[in-house]
Amino acid sequence: MTPASLLTFLITLCYIQSEAGQVLERTIEEWIRYKDECYKQISSNPHTTGLHCNRTFDLYACWPDGTPGTITNVSCPYYLPWFQKVSHGLVLRRCGLDGNWVAVNGTHPWRDSSQCEDDYEVTRDEVVSPDLLLSFQALYTVGYSLSLLTLLSALGILTMCRKLRCTRNYIHANLFLSFALRGISVIVKDILLEKRWGMQITEVSDWEVLISNEAAIGCRMAQVVMQYCILANHYWFVVEAVYLYNLLIGAGFFEKNIYVLYMYLGWGTPVLFVVPWMTLKYMKENSECWALNDNMGYWWVIRIPILLASMINFVIFMKILKMILSKLRDNQKGYPDYKLRLAKATLTLIPLFGIHEVVFIFGTDEQTSGILHYIKVFFSLFLNSFQGFLVAVLYCFANKEVRSEFRKKWQLWRMDRTASLCFR
C-alpha cells in the first residue's frame, strides 16, 4: 500500500465514520502510534531461525515472523475508528512455502481483513454525503462572495456621501462591516483547510508534518477570527434592534453619547466570549483546527451568547411589530392595505435583526440527524451566507435616501465631466 493509497484509505474511513465524530487527523495520529510500536516490537523480539517469512509492517497491520505454508493472524489494528466493534477480529496473511509472503499478481501482498471491516451499513445517502457537503460548500462560498461584493460597495457609498453620515447609517455601516469580515473569515478558513489537507503526501513522515501543531496554527487562528466575526455580526444585530426601538419610543436624543456604547456592544462583547473559548480549546482540545467539539460544554461558551443575542432580537422584534401594528390600525382608514404594509415591515425587519436564527436555536447539530440534519444545514448555510447581500440591498441600494444622494452625485459627476470636455 503506497502513501497515496493510504491517504485515500484513511479519508474513506473518515467519511464512513463521520457520524461517530471521527476525523482524519485522529486516525492518522493513532496510525503513527501503531506504526512506532510495531517497529519497536520488530526490533526487540528475538529473531526466528530457519526458513520463515520476515516480520514486517505493511502500513495496515504489524506482522510477526511467519511459518512457511501456514496462515499468520494478528488482531485488528487499534487505529481503526470502529476498533471497539472489531476488537476480537483477526487479519490474516499467508506465508508461502518459499519463505515469502503470498502476493496477489506478484506485487501486492495477499491479506484478508474482512473481520476488521465495520459491519456498518453504508446507505445511498451516506455514499453521496461527501458530494453533498461539497455542494453545500460551493453554495455558501457563492453566497459569502456575493455578499462581500455588495457589502463593500454599500460601505463605500455610506462613507463617501457626507449627507448620509448619521448615527443610523454608522450603525448600518458597522453591521455591513461585520458581515464582510464574517464572509472573509469563512473563505480564508476554507482556503487554509484546503491547503493543509491538500498537501502532497510522498513519504510516511509527511503524516507527522501534516498533523503537527505548527501546520495547524494558521487554520486555528482563522477559526478564532471566524468565531469572533460571527459573534460581532450577531451583536450588531442587537445594536440595530436596540437603536430602532429607541427611535420608535422617542429615546434617541443621546445619539452621540450612546454611539460609543453601541461600539462596545457590537465589537467588544464578542471578546468576552471568544477569549475564554480560545483558552479552553488550547488547554483542553488542542487538536486539528479547533473545528470539532469533543466536549460540547466548551462550545456552549460560543453558542450561549449567540442564543442570547437571537432571543433579545426576537423580543425587540415582537415589540416593534406590536407598535407598528398599533399605529397602522389607528390609521387604517387612510391605509386600507395596512396588513400588507405590516407584512412588508415584518419582512424588512427579519434580515436586519437576524430573526431567522431563532428557528435554529433549539434544533442543534447534536439533536438532528438524517435528512432533517441536511435540511437544517442547507437553510442555515443559505440564509447566513446570502443575508449580507440581502441586508446591503435593502438598507443601502434600495434605500430612497441613499438612491437620491447617489443620483445627485452621479449628476454632478456627469456635469463636471461634460464641462471638462467642453473646455478642452
Side-chain angles (χ1 to χ4, degrees), residues 15 18-19 125-126 128-154 172 175-191 193-194 222-223 225-238 240-241 291-293 299 302-303 305-307 309-311 313-314 317 343-344 346-398:
Y15 279 139
S18 60
E19 291 189 5
D125 290 339
E126 288 160 343
V128 301
S129 289
D131 294 332
L132 184 61
L133 295 178
L134 288 175
S135 65
F136 283 168
Q137 184 182 17
L139 170 72
Y140 73 71
T141 301
V142 171
Y144 281 121
S145 300
L146 181 61
S147 295
L148 187 59
L149 180 63
T150 54
L151 288 164
L152 293 178
S153 301
H172 286 344
L175 180 64
F176 294 166
L177 181 59
S178 70
F179 269 117
L181 291 176
R182 178 176 180 173
I184 292 172
S185 65
V186 170
I187 294 172
V188 170
K189 176 185 68 70
D190 285 350
I191 292 173
L193 283 174
E194 184 176 353
Q223 185 74 15
V225 173
M226 186 188 73
Q227 297 298 342
Y228 172 81
C229 293
I230 290 174
L231 276 170
N233 195 208
H234 280 83
Y235 277 88
W236 275 107
F237 284 148
V238 174
E240 288 277 5
L292 297 175
N293 303 287
W299 177 233
I302 293 291
R303 181 173 287 175
I306 291 177
L307 300 186
S310 298
M311 293 305 299
N313 279 344
F314 183 72
F317 174 76
K344 182 180 178 181
T346 304
L347 293 175
T348 304
L349 289 173
I350 285 175
L352 182 63
F353 290 175
I355 299 302
H356 69 277
E357 295 280 355
V358 177
V359 178
F360 302 113
I361 281 182
F362 302 105
T364 61
D365 292 336
E366 301 78 41
Q367 295 171 329
T368 56
S369 59
I371 189 65
L372 181 61
H373 175 71
Y374 290 122
I375 291 174
K376 174 191 175 295
V377 169
F378 171 79
F379 280 105
S380 181
L381 292 177
F382 177 81
L383 293 172
N384 287 334
S385 60
F386 284 93
Q387 189 180 14
F389 167 76
L390 185 59
V391 168
V393 170
L394 285 177
Y395 300 101
C396 182
F397 299 109

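Residues satisfying the side chain to side chain donor-acceptor pair (under 3.5 Å) criterion with Ser178, sequence neighbours excluded, are Asn233. Applying the ring pair (Phe, Tyr, Trp, His ring centres under 6.0 Å) criterion to Phe389, with sequence neighbours excluded, gives no partner residue. With sequence neighbours left out, the side chain to side chain contact (heavy atoms under 4.5 Å, CB included) criterion links Val188 to Ile184, Leu192. Taking Leu181 as the reference, Leu177, Cys229, Trp267 meet the side chain to side chain contact (heavy atoms under 4.5 Å, CB included) condition, with sequence neighbours excluded. For Ala392, the side chain to side chain contact (heavy atoms under 4.5 Å, CB included) partners at least two apart in sequence or on another chain are Thr150, Leu151, Ala154, Phe397.
Side chain of Tyr140 to main chain of Asn384: no donor-acceptor pair is present (N/O by atom type, distance under 3.5 Å, no hydrogens or angles).
If you take CG on Leu390 and CG on Leu394, they are separated by 4.5 Å, rounding to the nearest 0.5 Å. Residue Ile230 holds its CD1 atom at 5.0 Å from CD of Gln227, rounded to the nearest 0.5 Å. Here the straight-line distance linking atom OG of Ser153 with atom CZ of Phe176 works out to 11.0 Å at 0.5 Å rounding. Rounding to the nearest 0.5 Å places CZ of Phe136 at 10.5 Å from OG of Ser380. For the atom pair CD1 (Ile187) and OG1 (Thr141), the distance works out to 6.5 Å, reported to the nearest 0.5 Å. Taking CG of Asn313 as the reference point, atom CZ of Phe237 lies at 7.5 Å (rounded to 0.5 Å).
Put simply, the side chain of Glu240 does not reach to within 4.5 Å of the side chain of Tyr395, judged on heavy atoms. Contact check for Ser310 versus His234: side-chain heavy atoms found under the 4.5 Å cut-off. Contact check for Phe386 versus Leu139: side-chain heavy atoms found under the 4.5 Å cut-off.
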Between Trp236 and Phe179, does the side-chain contact (heavy atoms from CB on, under 4.5 Å) criterion hold? Intermediate values first, please. CA-CA 10 Å; Trp236 275 107; Phe179 269 117; over 6 Å; no
